[in-house]
Protein chains: 2
Amino acid sequence: MPRTAETASFKFNHTMIRVKDPQASLKFYQDVLGMELYDKHEFSDFTLYFLAYNHEGQELTLDEKRSTRFGREGILELTHNHGTESDPNFQGYASGNSDPGRGFGHIAITVDDVNKACERFEHLGVPFKKRLSDGKMKYIAFILDPDGYWVEILSNSLELNRT
Amino acid sequence: MPRTAETASFKFNHTMIRVKDPQASLKFYQDVLGMELYDKHEFSDFTLYFLAYNHEGQELTLDEKRSTRFGREGILELTHNHGTESDPNFQGYASGNSDPGRGFGHIAITVDDVNKACERFEHLGVPFKKRLSDGKMKYIAFILDPDGYWVEILSNSLELNRT
């Protein structure tokens, strides 16, 4: 069914996950995965961070990034409820991959060289849920973000994902 | 921090959620939200559906969609574990927004006219978690997908999201 005029403007703008410690999460999504901060909103009891890949081929100011934030896809929103990062009683968030709490599964990053990407993650000390060598699907890996959310790493090549 | 060569190819390709009944979910994401099926993989005990918005301005064959599936952002992967749709003991999936299972929050769709989009959802009988008129943030709404996952609806205009 082709798109109708009623939904012609629609875009899958973002996915939101809650994080315990924004400093750990920003380090992971920026330094390990290469995303950039596109926007930030501070409220009295929580702060929202919007991260995305910059595909423009040039550095952008935060204002330039903000101006494109609603008209594009591929944004990751991190919600930080203030205090969780230092609360000894905070239980942590559910990854969505075990009961109770099963539902959400993962986010996925496509890359041009899965082997090289995974070697770099190993070098950086990133924990893996599934290495390329584990299981049947040798062409995908899963790494874990600081809250334990699964991040799939797979090739951006159709052919490599068919083998 | 600008992107380095090591992450220059990275894209936030997809977000995966589990669904109880793919017929209900496909109807929702295709007919209500206007996404299209970009790929489908059937395994013995589960099936994966990949949905996305077609921004090409023309109809694409499934092969054409598949060929772009790994090189773009904004893909939604639905995982159907066979049998859940007709299992009277299946408890349903967690939305991620209440304990236990709190973590994932929502996906979000940006649209050119939030009021018109919400009027259409009302007309189609889509359940709302938050209508535009509810709460403080009058410029965003949340609708519920067939599994109870929250789908935020907001404007694609920077200005409207600052008011």
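So you know, we letter chains A, B, ... as the sequences are listed, proteins then strands, and number each from 1. Atoms considered below: every heavy atom in the structure, side chains included; atoms not considered: hydrogens, waters and symmetry mates.
Between A:Tyr49 and A:His80, the ring centre distance reaches or exceeds 6.0 Å.
For the options B:Val151, B:Asp147, B:Ile75, B:Thr79, heavy-atom pairs under 4.5 Å to chain A are most numerous at B:Ile75. Listed options B:Lys116, B:Arg72, B:Arg66 were ranked by heavy-atom pairs under 4.5 angstrom with chain A; first place goes to B:Arg66. Counting heavy-atom pairs closer than 4.5 Å to chain B, the top-ranked of the candidates A:Ile153, A:Leu60, A:Asp112 is A:Asp112. By number of non-hydrogen pairs under 4.5 angstrom with chain B, the leading residue of A:Ser67, A:Ala94, A:Ser98, A:Gly103 is A:Gly103. Interface remark: of the candidates B:Asn13, B:Ile17, B:Thr110, B:Thr110 forms the most heavy-atom pairs closer than 4.5 Å to chain A. Looking only at heavy-atom pairs under 4.5 Å with chain A, the residue among B:Gly101, B:Gly74, B:Gly148 that has the most is B:Gly74.
The aromatic rings of B:Phe104 and A:Phe104 lie parallel to each other, their planes meeting at an angle below 30°, with 60° marking the opposite boundary. Ring-plane geometry between B:Phe46 and B:Phe43 is classed as parallel, the angle between the planes falling under 30 degrees on a 0 to 90 degree scale with a further cut at 60.
Side chain of A:Asp134 to main chain of A:Arg131: a donor-acceptor pair is present (N/O by atom type, distance under 3.5 Å, no hydrogens or angles).
Between the side chains of A:His41 and A:Thr47, no donor-acceptor pair of N or O atoms lies under 3.5 Å. Between the side chains of A:Tyr93 and B:Asp99, not a single donor N or O lies within less than 3.5 Å of an accepting N or O. Side chains of B:Asp145 and B:Tyr29: a donor-acceptor N/O pair is present below 3.5 angstrom, by distance only.
Using a 4.5 Å cut-off between heavy atoms, A:Gln91 makes no contact with chain B at all. Looking at A:Asp39, the atoms closer than 4.5 Å to chain B (heavy atoms on both sides) all sit in the side chain, from C-beta outward. Looking at B:Ser155, only its backbone comes within 4.5 Å of chain A, counting heavy atoms on both sides. Only the backbone of B:Val32 comes within contact range of chain A, judged by heavy atoms closer than 4.5 Å. Looking at A:Gln58, neither its backbone nor its side chain comes within 4.5 Å of chain B, counting heavy atoms on both sides. Looking at A:Arg120, the atoms closer than 4.5 Å to chain B (heavy atoms on both sides) all sit in the side chain, from C-beta outward.
Going from atom CG of A:Leu132 over to atom CZ of A:Phe142 covers 11.0 Å, rounded to the nearest 0.5 Å.
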